[in-house]
Asks: 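This is the structure I have questions about; it appears just below.
Both ligands and their constituent atoms are indexed starting at 1 by order of listing. Note that the structure is predicted; figures quoted are calculated from it, not measured. The figures here come from the full heavy-atom set of this structure, side chains too, leaving out hydrogens, waters and symmetry mates.
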Amino acid sequence: MKRTHNNGELRISNVNETVSLLGWVSKKRNFGQLVFIDLRDRSGIAQLVFDENISEQVKDVRNEYVLNVTGTVVERKDKNPKLPTGDIEIKVEEVTIINKAETTPLIIADETDALEDTRLKYRYLDLRRPMIQKNLMLRHKVTMLMRNYLSELGFIEVETPILCRSTPEGARDYLVPSRISKGEFYALPQSPQLYKQLLMVGGIEKYFQLARCFRDEDLRADRQPEFTQLDIEMSFVEEEDVWNVVEGLMKKIFKEVKGVDLPAFKRISYDECMANYGSDKPDLRFDMPLKDASSIFANTEFKVFASTLENKGIIQALPVKGCASNFSRKDLDKLQNYVKVYGAKALAYLKYTDNTWSGSVTKVLSDEEKDALYNAYNIENGDMIFFVADKKKVAQTALGALRSKLGKDLGLINDSKYEFLWVTNFPMFEYDETDNRYVAAHHPFTSPNLEDVDKLMSDPANCYSRAYDLVLNGYELLSGSIRIHDQQVQAKVFEAIGMTLEEAHEKFGWFMDAFKYGTPPHGGVGIGLERLIMILSGTDNIRDVVAFPKTASASDLMAQAPGPVDSKQLKELNLIIGKAE
Ligand code: ASP
């Protein structure tokens with residue numbers, strides 16, 4: 001085999017050179033004695049011309065055959081401005097057919113009409129599509145930038161175990177039965193959380209890893225059962241130190257990949273974020289904040305609002321500029337159903353057009369209330385206000401979801417913008433209604449705010465933590481925290497989430513023991529690599545940025561995993577497949 005150039009790199013400056021190329025036939029056209037072939041490799045496509053002296057040799061060649069050619073680069077008569085190599089073609093003098101190909105089950109081009117299941121079953125063919133190749137090259141570029149940037153700052157990459165004890169990130173574990181310790185299981189890491197903290201106890205000081213993480217959760221468009229995190233941990237740091245490292249890294253990546261200079265990242269506390277945007281991962285590419293209208297309705301006679309306020313709920317409002325003519329009655333009914341998914345009982349609305357109010361609650365609200373809304377939200381003709389009256393969290397979340405839907409539907413999002421936001425000061429705990437207990441909002445190794453340590457047991461609902469998220473365009477790009485480094489505080493946090501000391505010791509004793517021997521203060525982050533690459537490549541399908549992804553039901557259609565195992569393997573593991581209670 002001979003190769004002098006990559007196909008996609010040839011230009012007019014190569015005219016008259018003799019070149020040897022390799023690749024796959026992506027298109028073949030016969031014009032009498034002349035045959036044209038587009039030869040594709042990872043770098044792109046070059047057009048080959050076979051004249052009457054040689055075309056006979058490629059008469060049986062079909063798409064996806066593998067060829068090696070040698071020829072002379074010539075200027076094209078009919079140039080193709082859409083192709084980087086469109087000014088030239090290669091007049092072939094020698095051709096070797098290296099391998100044949102059957103008709104492929106999918107068209108190998110960016111515009112393929114294949115169903116996703118077919119693409120995943122034949123992923124090795126799907127991978128030949130330029131779009132997927134571009135994404136994988138981008139992913140490589142970004143991981144190289146990460147490695148180089150962190151290495152230059154003195155971080156070292158350390159691998160942590162895949163077969164390990166359960167690491168609590170709040171998801172379900174993937175379990176692996178042990179052959180030697182019968183009846184016992186390893187868990188695959190949900191993240192390297194405990195190990196990276198132990199690396200800090202071990203004096204590593206600055207650690208990173210492109211770490212595979214495994215979570216057995218129900219899948220969504222931006223989730224895979226296994227994924228990669230850029231996992232970072234640092235000793236002797238506070239929030240600012242961690243944020244500086246991350247901001248520097250993001251600035252570098254966005255400069256190198258997108259050519260944009262990012263401004264300093266905005267910061268907002270969790271409470272403020274929920275109050276303004278009804279979400280802890282708001283898309284700030286458009287404004288449209290939520291407003292708490294409770295005080296306007298403090299003395300309202302409208303029963304629904306009044307009883308919500310009596311029950312310590314809020315009247316959440318979402319004023320939307322200039323959209324009054326965008327929604328028919330039917331559309332507004334659909335929006336009703338939309339907010340119900342988020343637990344809201346109803347969506348009320350007002351329209352202001354031709355200097356008059358209309359809408360579902362016009363009649364039940366007083367003129368004073370409508371005037372107050374008009375003034376407070378700078379209402380103009382064409383504006384609308386949506387309302388949800390409910391418990392604070394439900395009202396915020398429902399209108400927050402509506403805010404992001406309307407942002408998209410009304411075309412308010414500028415795709416070329418990158419809006420980063422640090423969300424800080426998260427609550428320490430969340431109340432789990434099904435289990436009737438508090439659970440760690442981040443993970444139980446997150447440090448409470450120092451002033452809240454004494455309230456951990458007595459007032460968990462009002463404890464805040466040193467956790468932070470970085471949000472980009474409505475996606476949670478990372479979460480992280482300053483960790484607990486004090487054994488007593490760690491024990492208290494376990495207790496607050498309903499774990500007895502014995503339980504905590506049974507599960508995490510191996511981890512907590514380490515805290516006896518001089519643990520440095522430490523903190524870090526886990527950055528979701530796939531989400532970052534999705535944003536950088538502009539796809540909303542996580543499978544476009546993973547070489548061999550799983551389907552929404554967590555299976556690998558190509559390798560047919562998960563699959564059955566033979567009885568000998570089960571016997572060795574001392575396992576019997578039966579029906580659990
Ligand atoms: N382990 C955390 C996570 O996976 C990240 C961190 O706190 O560093 O979300």
Asks: Does anything in residues 269-291 pair up under ring pair (Phe, Tyr, Trp, His ring centres under 6.0 Å), and if so which pairs, sequence neighbours excluded?
Replies: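 Passing the test, one end in residues 269-291: Tyr270-Phe426.
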Asks: Could I get the full list of ring pair (Phe, Tyr, Trp, His ring centres under 6.0 Å) partners for Tyr431, not counting sequence neighbours?
Replies: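 Partners of Tyr431 under the ring pair (Phe, Tyr, Trp, His ring centres under 6.0 Å) test: Tyr438.
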Asks: Any heavy-atom pair between the side chains of Ile535 and Tyr418 that's under 4.5 Å?
Replies: yes
Asks: Can you check whether Leu536's main-chain N or O pairs, donor with acceptor, with Lys258's side chain at less than 3.5 Å?
Replies: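 Checked: pair present.
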Asks: Is it true that Thr539 and Ser537 share a donor-acceptor pair across their side chains at a distance under 3.5 Å?
Replies: no
Asks: Can you list every protein residue that has a heavy atom under 4.0 Å from any atom of ligand 1, sorted by chain and residue number?
Replies: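 Within 4.0 Å of ligand 1, protein side: Glu169, Ser191, Gln193, Lys196, Arg215, Gln229, His442, His443, Ser479, Gly480, Arg483, Gly524, Val525, Gly526.
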Asks: Under the ring pair (Phe, Tyr, Trp, His ring centres under 6.0 Å) test, which residues partner Phe155, sequence neighbours left out?
Replies: none
